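Because the structure is predicted, anything quoted here is derived from the model rather than measured. Letters A, B, ... mirror the listed sequences (proteins, then strands); counts begin at 1.
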2 protein chains.
Amino acid sequence: MLQADPLRERIVSLFEGMSPQLRQAARYIIEHPQEVALVSMRELARNAGVQPSTMTRLAKFLGLAGYDDIRAHHAEAIRFRVDGFAARAMQNDDSEQDMAAAQLSRRMLQGLAAQIARLTEPASLERLASAADRLAQARRIYVLGLRSCHSVAWHFHYVMTLLGEKTVHLDGPADTVGDGLIRAGAEDVLLAISINPYALHSLELAQLAREKGLGVIAITDSEVSPLVGIADLAILCSTESQSFFHTLAPALAISEVLCGLLANKDRTAALAALQRADRHLLSLNTYATAIPRRRI
Amino acid sequence: MLQADPLRERIVSLFEGMSPQLRQAARYIIEHPQEVALVSMRELARNAGVQPSTMTRLAKFLGLAGYDDIRAHHAEAIRFRVDGFAARAMQNDDSEQDMAAAQLSRRMLQGLAAQIARLTEPASLERLASAADRLAQARRIYVLGLRSCHSVAWHFHYVMTLLGEKTVHLDGPADTVGDGLIRAGAEDVLLAISINPYALHSLELAQLAREKGLGVIAITDSEVSPLVGIADLAILCSTESQSFFHTLAPALAISEVLCGLLANKDRTAALAALQRADRHLLSLNTYATAIPRRRI
DNA sequence: TATCATATAAAACAAATGTTGCATTCTTTC
DNA sequence: GAAAGAATGCAACATTTGTTTTATATGATA
């Protein structure tokens with residue numbers, strides 16, 4: 001990534017002139033350089049979601065004789081990098097002293113990675129699985145996350161809307177946050193996300209939900225979180241970070257895993273739902289397929 | 001190479017019991033491990049001075065099903081070395097058909113952890129540092145993230161509001177998303193977050209900001225993202241996950257690091273601001289200090 | 001030396017790879 | 001709205017791949 005890579009640069013510079021399929025292939029190659037050298041072209045094409053011929057066409061488009069040139073180039077890059085990696089690592093340690101920012105960044109990122117990795121402990125995995133089961137059975141899933149946890153709640157809700165109509169995001173202006181629960185009942189589940197310091201309103205709503213007979217699943221940060229007492233099941237995530245602020249990355253990771261597990265319950269249905277969402281958004285022209293040109 | 005390599009050890013330990021030809025093949029493999037993954041078996045055999053069949057025989061001799069097992073092992077080793085402890089994460093699908101929940105969860109989480117860990121590469125750290133500098137200098141920071149990226153944008157904005165009044169979150173109902181930019185100018189910076197598929201509106205607004213003279217910093221997912229062409233500086237994050245959906249955890253981690261770096265520019269000021277925010281929220285009774293009791 | 005078992009080379013084989021040409025679909029342009 | 005052009009999917013193609021089979025060579029044992 002550091003050293004000059006002429007082919008990579010060529011791909012990037014010609015990217016704008018490529019057709020959609022070529023772009024998809026090119027993008028995958030740029031983002032998975034080592035895979036190019038390690039798997040066959042057909043498999044690469046499959047992983048990139050394009051036809052095998054597209055890879056050949058991409059090679060020709062780049063002015064190469066064929067796909068083998070692309071592979072050869074990436075293989076060479078790997079051979080070249082064999083001891084380059086260690087060298088780079090050393091070079092870090094040197095320049096680290098006068099780069100306070102880099103040092104802090106590294107510590108924060110390594111901390112986050114470690115915290116997420118720690119979620120793979122068997123106890124966590126079990127809770128994730130039961131939570132997913134519970135959510136899958138529910139008629140409706142109400143999602144609640146206020147203040148800092150809004151991001152997690154919203155992301156969960158957003159992803160789930162791609163799958164269907166099952167979730168209701170408890171949010172709104174003018175103190176209407178809780179209104180969504182009006183028609184909630186015992187067949188439903190509340191997914192409540194809250195970390196220290198715990199927003200009072202979240203706890204009140206969770207308590208209300210409990211009283212209305214809803215199942216309550218919590219994503220929170222401690223065994224002694226007030227949510228644990230309210231919820232049927234609590235998934236714990238660390239929020240500590242090497243900076244002033246709490247981190248929500250592990251909580252977000254958990255919510256993404258829950259989405260993944262739910263989608264995995266019925267893969268074909270999930271796939272169909274995603275395709276439908278795709279078509280809908282496509283017809284609305286929501287996403288850019290080419291370089292953007294401002295509407296005037 | 002640093003870590004234990006069971007296959008390599010097996011080859012060494014069985015070396016004495018091999019015939020001359022098998023030894024020659026085994027020796028070449030041990031001494032050129034990366035070649036095994038990068039060239040075909042026939043070419044490897046040629047380079048080793050051995051018949052192709054000898055390679056197959058060696059694989060069987062080692063108790064494997066065939067030569068492909070040897071290659072797969074060495075390919076994995078390369079992936080492992082390149083990606084740090086990403087290793088297992090990126091190897092794709094095949095038989096996750098009816099994967100147990102725990103297994104899928106673990107793979108997703110390990111993948112996320114690996115992707116965040118990969119952000120500690122020097123190139124990323126440098127970009128993070130410059131982005132933080134640029135943001136620190138700006139008079140105002142406009143934060144833009146639509147659809148799936150809303151969570152990241154909002155989280156950045158929320159954390160920054162704890163520090164002061166510097167950020168403006170570009171969001172709103174009734175198509176008022178861009179209104180915040182009305183008074184934006186050359187002294188300001190836009191922090192734009194967008195991943196594939198790129199929301200058209202995000203690109204248009206980023207373009208508009210650029211035309212208005214704002215600096216543009218992007219958090220996006222690829223060197224060929226349309227945002228790269230618009231932004232002065234792009235921080236790249238992977239979004240691939242072991243499930244149907246893209247992940248935003250790395251993007252969120254990046255935004256948290258940026259917040260941390262910004263706060264770190266003036267630690268005492270940051271501390272003071274946080275305390276003020278604390279007092280304010282305390283006086284509003286925003287957070288629970290004890291087990292919640294519903295208001296009646 | 002004759003005989004046997006093993007090791008190696010050579011060739012045959014099915015499966016896969018990368019490539020190419022053709023038919024179809026989607027855009028663009030008049 | 002029709003026609004030209006580009007982009008794309010599909011299937012056939014010749015190669016190449018890893019494996020297996022067969023034949024030859026080697027070396028030990030009696």
Side-chain angles (χ1 to χ4, degrees), chain A residues 7 11 14-29 32 35-76 275 278-279 282-283 285 287-293, chain B residues 7 11 14-29 32 35-76 92-94 200 224:
Chain A
L7 178 55
I11 294 178
L14 293 181
F15 189 81
E16 311 223 339
M18 295 181 190
S19 72
Q21 290 296 304
L22 286 186
R23 285 188 182 191
Q24 196 167 331
R27 167 183 291 269
Y28 190 86
I29 288 179
H32 305 80
E35 287 302 297
V36 177
L38 295 177
V39 308
S40 75
M41 185 205 77
R42 282 178 122 100
E43 188 170 344
L44 193 80
R46 200 175 319 122
N47 294 339
V50 299
Q51 295 279 338
S53 30
T54 303
M55 289 293 174
T56 298
R57 288 173 182 142
L58 176 63
K60 309 238 151 147
F61 183 88
L62 295 172
L64 305 174
Y67 175 81
D68 276 327
D69 285 3
I70 294 182
R71 200 225 303 288
H73 177 91
H74 286 84
E76 199 54 38
Q275 282 167 351
D278 258 9
R279 275 200 304 277
L282 200 69
S283 72
N285 210 22
Y287 296 121
T289 50
I291 295 299
R293 193 161 306 121
Chain B
L7 178 56
I11 294 178
L14 293 180
F15 191 79
E16 308 246 328
M18 296 180 189
S19 72
Q21 290 296 304
L22 285 186
R23 284 189 183 193
Q24 195 168 332
R27 166 180 296 269
Y28 189 86
I29 286 178
H32 304 81
E35 288 301 298
V36 178
L38 296 177
V39 306
S40 76
M41 187 204 79
R42 285 178 121 101
E43 187 170 343
L44 193 80
R46 200 176 320 125
N47 295 340
V50 172
Q51 292 284 333
S53 31
T54 304
M55 289 294 175
T56 297
R57 289 175 182 136
L58 176 62
K60 309 236 152 151
F61 183 88
L62 295 172
L64 305 174
Y67 175 80
D68 275 327
D69 286 2
I70 295 182
R71 199 227 296 294
H73 178 91
H74 285 82
E76 198 56 31
N92 257 356
D93 32 336
D94 287 336
L200 192 56
V224 294

Where do [X] and [Y] come nearest, in terms of heavy atoms and distance?
X	Y	answer
A:Arg23	A:Phe15	NE-O, 3.3 Å
B:Ile70	B:Leu7	CA-CD2, 4.4 Å
B:Gly17	B:Phe61	O-CZ, 3.8 Å
A:Ala48	A:Met55	CB-CE, 4.0 Å

Which protein N or O atoms sit under 3.5 Å from an N or O of nucleotides 15-17 of chain C?
unit_1	atom_1	unit_2	atom_2	d
C:dT17	OP2	A:Ser40	OG	3.0

Do A:Asn47 and A:Glu43 make a side-chain contact, defined as non-hydrogen atoms from C-beta onward lying under 4.5 Å apart?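 When only atoms from C-beta onward are counted, A:Glu43 and A:Asn47 do touch, with a gap below 4.5 Å.
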
Any side-chain heavy atom of B:Ile29 within less than 4.5 Å of one from B:Leu58? yes

Going by side-chain contact (heavy atoms from CB on, under 4.5 Å), name the residues that satisfy it together with [X], two or more places apart in sequence or in a different chain.
X	value
B:Asp68	B:Arg71
A:Thr54	A:Gln21, A:Leu22, A:Ala25, A:Val50, A:Gln51
A:Ala75	A:Ala37, A:Arg79, B:Leu38

Would you find a donor on one side and an acceptor on the other, under 3.5 Å apart, between the side chain of A:Arg42 and the backbone of A:Pro52?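 Not at all, since once roles are kept as given, no pair shorter than 3.5 Å links the two residues.
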
Once base and sugar-phosphate atoms are separated, protein heavy atoms under 4.0 Å mark nucleotides 5-10 of chain D, 5' to 3', with B, S and - as --SBBB

Name every residue in residues 58-70 of chain A that has at least one heavy atom under 4.0 Å from any atom of DNA chain D, in order of residue number, or write none if there are no such residues.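 Heavy-atom contacts with DNA chain D come from no residue of residues 58-70 of chain A; none.
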
